[in-house]
Amino acid sequence: QVQLVESGGALVQAGESLRLSCSASGSGFSITAMGWYRQVAGKERELVAGITSGGTSNYADSVKGRFTITRDNAKNTAYLQMNSLKPEDTAVYYCNADFILFGSPPRRARSWGQGTQVTVSS
């Protein structure tokens, strides 16, 4: 019932900035947290940044001070502002949302976006 659509991935040069967007659509749900993950071939998917429904955010050490995660007022879209990009940031970036599905009874669920490629050249 909840679909995530990511956009904003691109090929950029080191030192440049990029903003990723993730929009959640559907009905009968309430998002409790959203996050951005990234994955490189041969490596496990890792958390880049997350933000709770209360606005508390956390970041991987490798991106602290460079990346910022935000949510819009409606809490249906998340952004990842990436500054001072480095070649090691190259990866497929995935949006994640944890949410509660309304119903009898309500239940928790998780959804993932399709991923968007970010490539940083040196």
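The figures that follow rest on heavy atoms only: side chains count, while hydrogens, waters and symmetry mates do not.
Distance alone, capped at 3.5 Å, places no donor-acceptor pair between the E46 side chain and the Y37 backbone. A donor-acceptor pair under 3.5 Å is absent between the side-chain atoms of Q117 and the main chain of G9, judged by distance alone. No donor-acceptor pair closer than 3.5 Å links the side chain of E16 to the backbone N or O of L85. Judged by distance alone, with hydrogens and angles left aside, the side-chain atoms of T32 form a donor-acceptor pair with the main-chain N or O of D98 at under 3.5 Å.
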Side chain to side chain contact (heavy atoms under 4.5 Å, CB included) evaluation trace for F102 with S30: CA-CA 8 Å; F102 302 149; S30 177; 3.7 Å; yes
Practice item. Run the numbers on F67 and W36 for ring pair (Phe, Tyr, Trp, His ring centres under 6.0 Å), then give the verdict. Key: CA-CA 11 Å; F67 291 9; W36 287 96; over 10 Å; no
* Apply side chain to side chain contact (heavy atoms under 4.5 Å, CB included) to T90 and V40, showing your working. => CA-CA 8 Å; T90 296; V40 179; over 6 Å; no
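Using a 4.5 Å heavy-atom cutoff, the side chains of L18 and L80 are not in contact. Within the 4.5 Å cutoff, side-chain heavy atoms of T116 are placed close to those of L20. The shortest side-chain heavy-atom distance between Q81 and I69 does not fall under the 4.5 Å cut-off. Counting heavy atoms from C-beta outward, R38 and S62 have side chains that approach closer than 4.5 Å. At least one side-chain heavy atom of S111 sits less than 4.5 Å from a side-chain heavy atom of F99. Side-chain contact between V48 and Y93 is present, with at least one heavy-atom pair separated by less than 4.5 Å.
Distance check: L4 CG to S23 OG gives 8.5 Å after rounding to the nearest 0.5 Å. Going from atom CD of E6 over to atom SG of C22 covers 5.5 Å, rounded to the nearest 0.5 Å. Rounded to the nearest 0.5 Å, atoms OH (Y79) and CG (D72) are 5.0 Å apart. Rounding to the nearest 0.5 Å gives a distance of 7.0 Å between OG of S84 and CZ of R66. A distance of 6.5 Å separates CZ of R71 from CD1 of I51, quoted to the nearest 0.5 Å. R110 contributes atom CZ, which lies 4.0 Å from atom CG of N96 (distance to the nearest 0.5 angstrom).
Neither V92 nor V118 shares a network with the other; the hydrophobic side chains, linked directly or stepwise wherever heavy atoms of I, L, V, M, F, W or Y lie under 4.5 Å apart, form separate groups for each. Residue V2 is grouped with residue M34 when hydrophobic side chains (ILVMFWY) are merged at heavy-atom distances under 4.5 angstrom, including chains of intermediate members.
With Y94 as the aromatic partner, R45 meets the cation-pi criteria of under 6.0 angstrom to the ring centre and within 45 degrees of the ring axis.
Between K64 and D61 there is a salt bridge, since at least one side-chain N of the basic residue sits less than 4.0 Å from a carboxylate O of the acidic one.
Taking a 6.0 Å sphere around CD of Q3, one finds it holds 12 or fewer heavy atoms contributed by other residues, nucleotides or ligands.
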